Amino acid sequence: MDFIHPATKEIAQNLLGKLLVHKTHACIYSGFIVETEAYVGMDDMACHSYGGKNTPRLQSMYKAGGTIYVYTMHNHHMLNIVTKEANNPQAVLIRAVEPAEGIEQMAANRQQTGILISNGPGKLTKAMAITKELDGTVMNEGALYIDEENSKEPNKIITAPRIGIPNKGDWTIAPLRYYVKGHPFVSGMAKKETLPSTKIWKNVL
DNA sequence: ACTACGATCGACT
DNA sequence: GTCGATCGTAGTT
């Protein structure tokens, strides 16, 4: 995948359906990305790098596209993939995945089953054992990578405002959240809105 | 050293 | 739907 040349919001949509893999000494974890958000840099009031802000925590945001940015809040880890060239601090937040490999270990990591394993940004990092150790490393060059060979393609992508961005004017309502229509692992998805897998992915029987 | 504030989650009404 | 827990980060003294 190209994490540098397309617009960040295009990269966020391209990531939907991709198989995210985390290889650890104990276990291989993988899951299909079903929900993302774009954070589009210095002009974006919701972005950590708004106004060119730079702190030790934010170092990874200023590196080249493909760098992994992990930060913590409320004792949860958040996984982002940096986009664009160095010193153009934009990123895509991975908000939910559908578990593929290592499901039993993910359930154990989370002490939960079913959609509760990974239907939120803090949940999927705990399920897949993603920590700040990965911060600053590069996608596809280390333990975390995208397996394009085994990825899927969404039938329809829904666009919506980002979650948890109050009082940021136009940036609160900016349509920069993307998810796979009808997928049960999307955060906050109502059960009655979910669809069978044949209608969620292309070329899935 | 002290204070304010979350890109959340889970429990509860 | 609302609400509280709880702590790392950063800005200020």
Side-chain angles (χ1 to χ4, degrees), chain A residues 3 7-13 15-16 20 31 33-63 65 67-84 88-99 106-136 139 144 158-180 184-193:
Chain A
F3 293 113
T8 297
K9 55 185 179 180
E10 289 175 18
I11 296 170
Q13 291 171 77
L15 279 166
L16 295 175
L20 177 72
I33 298 170
V34 299
E35 181 181 1
T36 60
E37 285 178 2
Y39 288 82
V40 296
M42 303 199 199
D43 296 331
D44 180 353
M45 288 177 70
C47 189
H48 289 164
S49 58
Y50 173 60
K53 180 179 170 182
N54 195 352
T55 67
R57 178 183 75 152
L58 284 171
Q59 287 305 300
S60 299
M61 282 283 282
Y62 286 81
K63 295 184 180 168
T67 301
I68 293 158
Y69 170 44
V70 178
Y71 71 95
T72 60
M73 72 148 327
H74 289 89
N75 281 2
H76 300 285
H77 296 287
M78 300 289 152
L79 172 64
N80 301 257
I81 303 171
V82 176
T83 61
K84 309 306 292 183
N88 184 352
Q90 306 192 28
V92 175
L93 171 68
I94 310 299
R95 284 192 56 88
V97 303
E98 173 195 334
M106 290 191 208
N109 292 348
R110 282 275 299 137
Q111 301 277 60
Q112 291 285 1
T113 58
I115 63 173
L116 294 176
I117 290 173
S118 58
N119 66 340
K123 300 178 189 181
L124 78 91
T125 54
K126 186 165 187 187
M128 295 181 72
I130 290 166
T131 71
K132 284 176 61 174
E133 288 182 21
L134 292 167
D135 182 59
M139 197 57 119
L144 199 62
I158 301 293
T159 299
R162 293 173 291 187
I163 303 293
I165 315 286
N167 309 317
K168 295 286 195 293
D170 289 345
W171 294 102
T172 291
I173 58 173
L176 294 172
R177 174 181 178 228
Y178 308 97
Y179 61 88
V180 179
F185 280 80
V186 173
S187 65
M189 172 70 59
K191 193 172 182 182
K192 64 180 182 180
E193 295 177 50

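Proteins come first, then strands; the chains are lettered A, B, ... in the order of their sequence lines, and each starts at number 1. Quick caveat, the model's predicted, so the values are computed rather than measured.
- Base pairing annotation: C:dA10 forms a Watson-Crick or G-U wobble pair with B:dT3, both donor-acceptor distances under 3.5 Å.
- In this structure, A:Arg162 atom CZ and B:dT8 atom C1' are separated by 16 Å, rounded to whole Å.
- One can place NE2 of A:His76 at 5 Å from C1' of B:dT8, the figure rounded to the nearest angstrom.
- Atom pair A:His48:NE2 and C:dG8:P shows a separation of 16 Å (rounding to whole Å applied).
- Nucleotide B:dA11 is matched to C:dT2 when pairs are restricted to Watson-Crick or G-U wobble geometry with both distances under 3.5 angstrom.
- Closest to the side chain of A:Pro56, out of C:dT6, C:dA10, B:dT8, is C:dA10.
- Atom OH of A:Tyr50 and atom C1' of B:dG6 are 17 Å apart (whole Å).
- With hydrogens and angles disregarded, no donor-acceptor distance shorter than 3.5 Å links the side chain of A:Thr67 to the backbone of A:Gly136.
- You'll find that the side chain of A:Tyr69 is closest to B:dA7, out of B:dA7, B:dT8, C:dA10.
- Checking the phosphate oxygens (OP1, OP2) of C:dA5, no side-chain nitrogen or oxygen of A:His74 falls inside 4.0 Å.
- Among all heavy-atom pairs drawn from A:Arg57 and A:Thr72, the shortest one is NH1-O, 4.3 Å.
- Both A:Asn75 and A:Leu58 sit near DNA chain C, but only A:Asn75 has its closest nucleotide nearer the 5' end.
- For A:Gly164 and A:Lys123, each mapped to the nucleotide of DNA chain B holding its nearest heavy atom, the one lying further toward the 5' end belongs to A:Gly164.
- Computed from coordinates, the A:His77 NE2 to B:dA7 C1' distance equals 15 Å when rounded to whole Å.
- When heavy atoms are screened at a 4.0 angstrom cut-off, A:Ile165 is found touching the sugar-phosphate backbone but no base atom.
- From A:Tyr179, atom OH reaches atom CZ of A:Arg95 across 11.5 Å, with rounding to the nearest 0.5 Å.
- Mapping A:Leu79 and A:Leu116 onto DNA chain B by nearest heavy atom places A:Leu79 at the nucleotide closer to the 5' end.
- Which of C:dG8, C:dA10, B:dT8 sits closest to the side chain of A:Arg57 comes down to C:dA10.
- Under a 3.5 Å cut-off, the side chain of A:Asn80 and the backbone N or O of A:Tyr69 do form a donor-acceptor pair.
- Side-chain contact annotation: A:Thr8 with A:Thr83, donor-acceptor N/O pair under 3.5 Å present.
- Regarding A:Gln59, its CD atom lies at a distance of 20 Å from the P atom of C:dG8, rounded to whole Å.
- Between A:Asn80 atom CG and B:dA7 atom P there is a gap of 11 Å when expressed in whole angstrom units.
- The side chain of A:Lys168 contributes no N or O atom lying less than 4.0 Å from OP1 or OP2 of B:dA7.
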Determine whether A:Lys53 and A:His48 satisfy the following criterion, side-chain contact (heavy atoms from CB on, under 4.5 Å), listing intermediate values before the conclusion.
CA-CA 7 Å; A:Lys53 180 179 170 182; A:His48 289 164; over 6 Å; no

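- At least one side-chain nitrogen or oxygen of A:Arg110 sits closer than 4.0 Å to the OP1 or OP2 atom of B:dG10.
- With C:dG8, B:dA7, C:dC7 as the choices, the nucleotide that has an atom nearest any side-chain atom of A:Tyr71 turns out to be B:dA7.
- Here the P atom of nucleotide B:dC5 and the CE atom of A:Met73 are 13 Å apart, to the nearest Å.
- Side-chain atoms of A:Ile163 lie closest to B:dT8 of the nucleotides B:dA7, B:dT8, C:dT9.
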